[in-house]
Amino acid sequence: QVQLVETGGGLVQAGGSLRLSCAASIRTFSTYGMAWFRQAPGKDREFVSAISWNGGGIVYQASMKGRFTISRDNAKKMVYLQMSSLVPGDTAVYFCAAGRHPIVDVATAVEYWGQGTQVTVSS
């Protein structure tokens with residue numbers, strides 16, 4: 001069974017920070033590209049950031065670059081998203097995702113989704 005479980009969401013004020021974690025129950029975790037997506041109410045799910053199997057390849061959505069940092073620990077089968085300088089527009093459910101491509105930056109490349117964790121940024 002494959003499971004992705006996100007934690008770390010919550011309510012923060014604009015300008016604050018949060019760190020999201022994703023625990024992956026995948027035997028061959030290091031063969032998967034990992035990613036974060038987010039979805040606000042009434043909006044499409046959008047790409048946030050992706051990291052390749054060895055952590056060497058990283059891609060960010062333009063609006064997150066410089067504020068968000070993605071990382072992974074293959075020994076622990078974990079992926080993280082450090083978020084800083086948060087703004088109300090970052091409010092969304094954030095999803096951990098896994099796929100076979102080194103960079104999973106589109107929803108069609110995702111094989112497994114987590115259940116999501118809510119991030120709410122107040123003004």
Side-chain angles (χ1 to χ4, degrees):
Q1 295 182 352
V2 174
Q3 292 188 70
L4 305 176
V5 180
E6 305 96 330
T7 57
L11 174 65
V12 298
Q13 293 185 8
S17 299
L18 282 175
R19 191 190 195 204
L20 306 183
S21 299
C22 174
S25 297
I26 303 176
R27 287 187 176 273
T28 57
F29 178 73
S30 63
T31 68
Y32 285 84
M34 300 297 296
W36 292 93
F37 290 74
R38 70 184 186 185
Q39 187 168 23
K43 297 183 179 180
D44 293 335
R45 190 167 297 186
E46 68 173 342
F47 170 74
V48 174
S49 184
I51 185 166
S52 63
W53 69 270
N54 65 350
I58 294 174
V59 175
Y60 295 100
Q61 180 74 257
S63 63
M64 291 79 166
K65 188 176 182 180
R67 300 190 299 119
F68 291 8
T69 301
I70 191 171
S71 61
R72 68 188 292 166
D73 185 333
N74 286 350
K76 297 180 179 179
K77 297 184 178 181
M78 297 286 291
V79 61
Y80 307 96
L81 185 69
Q82 178 68 48
M83 306 183 293
S84 62
S85 301
L86 288 164
V87 296
D90 295 320
T91 296
V93 176
Y94 284 71
F95 297 91
C96 183
R100 294 291 186 175
H101 293 282
I103 298 296
V104 180
D105 60 355
V106 293
T108 53
V110 176
E111 293 187 23
Y112 305 107
W113 294 99
Q115 83 288 349
T117 186
Q118 177 71 47
V119 172
T120 302
V121 184
S122 65
S123 60

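Here, residue 1 is the first one in the sequence, and each next residue gets the next number.
Cation-pi geometry between Arg19 and Tyr80 is satisfied (NZ or CZ under 6.0 Å from the ring centre, within 45° of the ring normal). The side-chain tip of Arg100 does not point at the ring of Trp53 from less than 6.0 angstrom away and within 45° of straight on. The cationic group of Arg38 does not satisfy the cation-pi geometry with Phe95, failing either the under 6.0 Å distance to the six-membered ring centre or the 45° limit from the ring axis.
Under the 3.5 Å distance criterion, with hydrogens and angles disregarded, a donor-acceptor pair is assigned to the side chains of Glu6 and Gln115. No side-chain donor-acceptor contact under 3.5 Å links Ser84 and Gln82.
Both Leu4 and Ile51 are assigned to one and the same hydrophobic cluster, defined by single-linkage of ILVMFWY side chains at heavy-atom distances under 4.5 Å. Linking ILVMFWY side-chain heavy atoms closer than 4.5 Å, directly or via other members, places Val59 and Met64 in two distinct hydrophobic clusters. At a threshold of 4.5 Å between side-chain heavy atoms, the hydrophobic network of Ile, Leu, Val, Met, Phe, Trp and Tyr places Val93 and Met83 in two separate groups. Tyr60 and Val121 end up in the same hydrophobic cluster when Ile, Leu, Val, Met, Phe, Trp and Tyr side chains are linked at under 4.5 Å. Under the 4.5 Å side-chain contact rule for hydrophobic residues, Leu20 and Phe37 do not share a cluster.
Residues Thr7 and Thr117 are not in side-chain contact: their nearest non-hydrogen atoms beyond the backbone lie 4.5 Å or more apart. Here the side chains of Trp36 and Cys22 are in contact, with some heavy-atom distance below 4.5 Å. Residues Ser21 and Met78 form a side-chain contact, since some pair of their non-hydrogen atoms from C-beta on lies under 4.5 Å apart. Within the 4.5 Å cutoff, the side chain of Thr91 has heavy atoms near those of the Gln118 side chain. Between Lys76 and Phe29, every side-chain heavy-atom pair lies at or beyond the 4.5 Å cut-off.
If you take CD1 on Ile103 and CE on Met34, they are separated by 12.0 Å, rounding to the nearest 0.5 Å. Note that the CZ atom of Arg27 and the CD atom of Gln1 stand 11.5 Å from one another [nearest 0.5 Å].
At least one donor-acceptor pair closer than 3.5 Å links the side chain of Ser52 to the backbone N or O of Gly57. Judged by distance alone, with hydrogens and angles left aside, the side-chain atoms of Arg67 form a donor-acceptor pair with the main-chain N or O of Ser85 at under 3.5 Å. In this structure, the side chain of Gln61 does not engage the main chain of Lys65 through any donor-acceptor pair within 3.5 Å. Side chain of Lys77 to main chain of Ser25: no donor-acceptor pair is present (N/O by atom type, distance under 3.5 Å, no hydrogens or angles). Using a distance-only test at 3.5 Å, with no hydrogens or angles considered, no donor-acceptor pair links the side chain of Tyr32 to the main chain of Ala97.
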Side chain to side chain contact (heavy atoms under 4.5 Å, CB included) assessment of Val79 paired with Cys96: CA-CA 8 Å; Val79 61; Cys96 183; 3.5 Å; yes
Side chain to side chain contact (heavy atoms under 4.5 Å, CB included) between Phe47 and Val104, intermediate numbers included: CA-CA 9 Å; Phe47 170 74; Val104 180; over 6 Å; no
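The two atoms that bring Tyr94 and Asp90 nearest to each other are OH-O, 2.7 Å, heavy atoms only. Among all heavy-atom pairs drawn from Gly9 and Val119, the shortest one is CA-CG2, 4.2 Å. Of all non-hydrogen atoms in Ala98 and Ile26, the two that sit nearest each other are CB-CD1, 4.1 Å.
The environment of CG in Asp44 is sparse: at most 12 heavy-atom neighbours from other residues, nucleotides or ligands sit within 6.0 Å.
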